[in-house]
Amino acid sequence: ESGKFVTVAADVTAQCEAARVLQASEERFMRFMKHLPGIAYIKDAHRRLLYINERFAAELGLGCEQVLGRMSEEVWPGAESERIRRDDECVLAEKKPLLVVEELEGRSGRHTYQTVKFPILQGDTTLLGGISLDVTELAEAEAALSLANRELATLNHMILDCAGALDLPSILERMLAYAAQISGLEGGEICLLEEGLLRRKVSRGGGLAPADSGECFCEPLCAKCMQEVRPQIFEGHAQIAASAELGPAAGSLEFLAVFPLVAREKCLGGLCLFSHGARGPSARSLKLLETATGQIALAVENALLFEETRR
């Protein structure tokens, strides 16, 4: 009949609540990914990227829309791509998590990451998830600690090896060899004071004075070092030429250091180390050498006294 109508009502409260919960969950996930202090991604069974977080996109220097649907080697080319491919395939094939420490080059430079890759089982399909946390500072600290331990071991061997000898040439040769090992510098010489003059006793890596002259090429710097009883360290050719007053003898040196050999408040001579390379040793290495020369100077003095008794 005209004027009649039917009203149908359905309760969709549950659906609305489910949609609200889903939206809240997605918002939490996005906030989690945004604030994660690392890079995160999801790949499909063919290793194509389905999701990346903002930090990953920033490291790639690309927008998310430029990355999704592509493989890692397409967006992160280079030596790392082959290893990334192997790791991905291992996780997808074995369906087991994989933990690796890897170095990756991004827009912000080269970083060390601790990466965990894991399978995401979705019905008959296996996806791949990955999270990489930046552990560059930790890796650098561990490397520095490892280097310091090696240097301390070398220092210990140096002191024990030299202290156990009475033959002066042998002590000086060993001392110079260990000093070059600790500092990483290419050459050096040891000069001792004889009748008021500094005379070169041993050299390594090509002395800068004539081999048969016995002259100490860095005599002005060595004399200053002995007078002030403290190391003299110069970096850069201009600083060496101006401060050490070596003139032509300095050649193309980029690093030069002299350490006084002091035993019982008496300065016996100096240990001179040099390099033509622009990079000098670390401050820690220089401090180790300063400590070593103080210890080995005692062995040098004992050897000198032993020589006198044999005359």
**Message:** Could you check whether any side-chain N or O of Ser285 sits under 3.5 Å from a backbone N or O of Pro281, counting only pairs where one atom can act as donor and the other as acceptor?
**Reply:** no
**Prompt:** Nearest heavy-atom pair of Pro169 and Val202: which atoms, and what distance?
**Reply:** O-CG1, 4.5 Å
**Item:** Side-chain heavy atoms of Cys272 within contact of Ile190, under 4.5 Å
**Value:** no
**SB check Glu73 Arg47 (cutoff 4.0 Å)** = yes
**Message:** Do the side chains of Glu59 and Arg55 get close enough for a salt bridge, i.e. N-O under 4.0 angstrom?
**Reply:** no
**Asked** Short question: side chain of Asn302, backbone of Leu298 - any donor-acceptor pair under 3.5 Å?
**Response** yes
**Side chain proximity check, Leu36 to Glu54, heavy atoms < 4.5 angstrom** = no
**Message:** Surrounding CD of Glu82 (heavy atoms of other residues, nucleotides or ligands, distance under 6.0 Å), is the total greater than 12?
**Reply:** yes
**Request:** For Phe56, check ring-ring contact (aromatic ring centres under 6.0 Å, His included) against everything at least two apart and list the hits.
**Result:** Tyr41, Trp76
**Item:** Lys/Arg N to Asp/Glu carboxylate O, Arg110 vs Glu80, below 4.0 Å
**Value:** yes
**Asked** Any chain of hydrophobic side-chain contacts (each under 4.5 Å) joining Met71 to Leu98?
**Response** no
**Request:** Apply side chain to side chain contact (heavy atoms under 4.5 Å, CB included) to Arg83 and Glu102, showing your working.
**Result:** CA-CA 9 Å; Arg83 178 188 48 75; Glu102 56 188 356; 2.5 Å; yes
